[in-house]
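Note sheet for the following structure.
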Number of protein chains: 2
Amino acid sequence: MNDLPIRILIADDHPVVRAGLRAVLETEPGFSIVAEAATAERAVELAAAGGTDVVLMDLQFGGGMNGSQATAAITARPGAPRVLIVTTYDTDADTLPAIEAGATGYLLKDAPPEDLAAAVRTAAAGRTTLAPAVADRLMNRLRAPHTSLTRRETEVLTLVAEGLSNQRVSERLHLTQATVKSHLAHIYAKLGVDSRTAAVAAALGLGIIRR
Amino acid sequence: MNDLPIRILIADDHPVVRAGLRAVLETEPGFSIVAEAATAERAVELAAAGGTDVVLMDLQFGGGMNGSQATAAITARPGAPRVLIVTTYDTDADTLPAIEAGATGYLLKDAPPEDLAAAVRTAAAGRTTLAPAVADRLMNRLRAPHTSLTRRETEVLTLVAEGLSNQRVSERLHLTQATVKSHLAHIYAKLGVDSRTAAVAAALGLGIIRR
DNA sequence: GGGCGTCTCCACCTTTTGATCGATGCCCGG
DNA sequence: CCGGGCATCGATCAAAAGGTGGAGACGCCC
């Protein structure tokens with residue numbers, strides 16, 4: 001292992017969480033918190049400026065850019081720091097985009113301090129740490145036949161989840177009801193359900209759509 | 001103001017959040033963190049033991065008792081400490097039970113440290129602090145005509161939200177479909193909608209049911 | 001005792017939704 | 001250039017859900 005401390009950037013919109021991460025990591029040797037960011041945009045700026053080894057990134061920010069977008073922006077540059085996602089709740093809708101965006105690891109905030117420190121060291125070495133709950137769902141995802149909806153299907157289902165009838169959905173998307181029904185039939189087949197409400201419940205459970 | 005420090009108990013299942021609250025409050029004068037609890041049950045025990053002025057209480061714990069139940073148990077005793085709710089997300093389904101349970105205040109975790117410290121002092125004095133977002137919704141709630149469902153209606157809607165058909169709901173609750181339809185008709189009227197999916201969306205939005 | 005709310009159930013009818021066949025045009029990659 | 005996924009639409013038909021207008025039973029409270 002290296003003698004130099006691991007230089008850490010904390011990106012989270014909650015002051016309490018930033019203070020908590022700082023407090024937890026500062027009690028461990030070998031870590032140096034070099035900056036904090038309260039917005040995703042600020043995190044991208046600070047990461048681009050260099051001098052950081054690992055970014056602890058929240059996914060939900062109050063407004064503007066989210067954590068996945070910030071992760072993508074950070075990891076797109078050469079010599080970018082590693083990004084370790086540290087978030088509260090995990091759903092597929094969050095996890096997959098973050099991993100696709102180049103996150104090195106994914107932890108939940110209820111992790112004990114030792115796990116957090118270990119994950120930071122692992123991330124600094126360029127290897128991956130996943131929270132058990134996240135790892136489980138990823139495995140299921142790879143095992144199960146693709147339950148991914150197309151862009152259009154997701155649009156339709158999102159409107160259905162807001163309580164719109166086929167008629168209203170067709171108006172919103174400038175389609176005929178026949179097309180909406182066609183999309184819904186495909187959605188039901190993919191999700192293994194047979195009604196709109198069941199589809200919404202399943203999609204919420206899988207994190208395909210957001211409440 | 002008193003010379004004695006305000007004695008604080010922190011109840012949250014996330015080590016990071018506990019460390020964060022501790023770090024934030026210890027930088028302010030006049031506070032003394034006397035204990036931490038990682039479960040709601042433990043918080044009730046520690047609060048009952050005395051020596052605490054204010055309890056900072058999370059609402060969601062990993063399992064077992066939740067924050068509202070713990071708040072009710074704590075405030076039920078004579079000479080109980082004040083309970084200040086400090087949580088991440090706010091929905092009516094969380095807020096109202098907590099306030100009914102006797103919470104003195106309700107803050108979101110994205111509050112700046114100064115607000116947090118001020119709220120603790122206010123709570124110690126027995127007065128209430130509400131986060132603006134929470135206060136807004138409470139006002140709307142009092143202003144709006146009661147959108148409260150009966151116990152049975154909530155049961156029906158919860159099953160509907162899981163995607164069950166009227167037939168399945170009637171089987172689960174040992175009713176006829178006629179009764180289920182009757183309950184649903186009342187639900188639609190109360191929520192101002194005209195379909196099961198719209199009712200689920202509205203109820204989720206109002207926090208009447210939980211996904 | 002009478003009113004009120006809740007929970008239960010019935011019948012009849014209309015509307016919406018879902019199931020099952022289709023069909024066309026588009027784009028993308030092998 | 002051809003196959004396949006995607007998006008778009010059509011027509012039926014059956015099933016589910018919703019709208020209307022009841023009614024009886026129970027408990028609670030004034």
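In what follows, every chain begins at residue 1, and chains take the letters A, B, ... in the order their sequences are listed.
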(request) Could you check A:His183 against B:Ala185 and say which one's nearest nucleotide on DNA chain D is further toward the 5' end? (result) A:His183
(message) Considering every strand and a 4.0 Å limit on heavy-atom distances, what is the contact class for A:His186: base, sugar-phosphate, or nothing?
(response) nothing
(request) Verify salt bridge (Lys or Arg N to Asp or Glu O under 4.0 Å) between B:Lys109 and B:Asp12, making sure each step is shown before the conclusion. (result) CA-CA 12 Å; B:Lys109 279 178 188 163; B:Asp12 197 304; 3.2 Å; yes
(message) With a 4.0 Å cutoff (strictly under), does any side-chain N or O of B:Ser182 reach OP1 or OP2 of C:dC9?
(response) no
(request) Write down the distance between CD (B:Glu155) and P (C:dC7), rounded to a whole number of angstrom. (result) 9 Å
(request) Output the single nucleotide from C:dA19, D:dA17, D:dG10 whose closest atom is nearest the side chain of B:Lys181. (result) D:dA17
(request) Looking at every strand, decide which applies to B:Thr179 at a 4.0 Å heavy-atom threshold: base, sugar-phosphate, or nothing. (result) base
(request) For B:Arg196 and C:dT16, give me the distance from atom CZ to atom P, rounded to whole Å. (result) 16 Å
(message) Could you walk me through whether B:Arg42 and B:Glu36 satisfy the salt bridge (Lys or Arg N to Asp or Glu O under 4.0 Å) test, starting with their C-alpha distance in whole Å, then the side-chain angles of each, then the deciding distance to 0.1 Å, before giving a yes or no?
(response) CA-CA 9 Å; B:Arg42 183 78 182 128; B:Glu36 293 187 9; over 6 Å; no
(request) Take the protein atom CG of A:Leu157 and the nucleotide atom P of D:dA7, then report the distance between them rounded to whole Å. (result) 13 Å
(message) Does either side chain, that of B:Thr179 or that of B:Thr176, offer a donor lying less than 3.5 Å from an acceptor on the other one?
(response) yes
(request) Choose from D:dC6, C:dT17, C:dC7 the nucleotide whose nearest atom is closest to any side-chain atom of A:Asn166. (result) C:dT17
(request) Remember a base hit wins even if backbone is also touched, and classify A:Ser195 as base, sugar-phosphate or nothing at under 4.0 Å, heavy atoms. (result) sugar-phosphate
(request) Could you work out which one of D:dA16, C:dC9, D:dG18 sits closest to the side chain of B:Ser165? (result) D:dA16
(message) Would you say B:Arg152 places a side-chain N or O within less than 4.0 Å of OP1 or OP2 belonging to C:dT8?
(response) yes
(message) Whole angstroms only, please: what is the CZ-P distance between B:Arg168 and D:dA16?
(response) 10 Å
(request) Could you check how far CG of A:Leu175 sits from P of D:dC9, rounded to whole Å? (result) 5 Å
(message) Salt bridge or not between B:Glu153 and B:Lys190? Use side-chain N to carboxylate O under 4.0 Å.
(response) yes
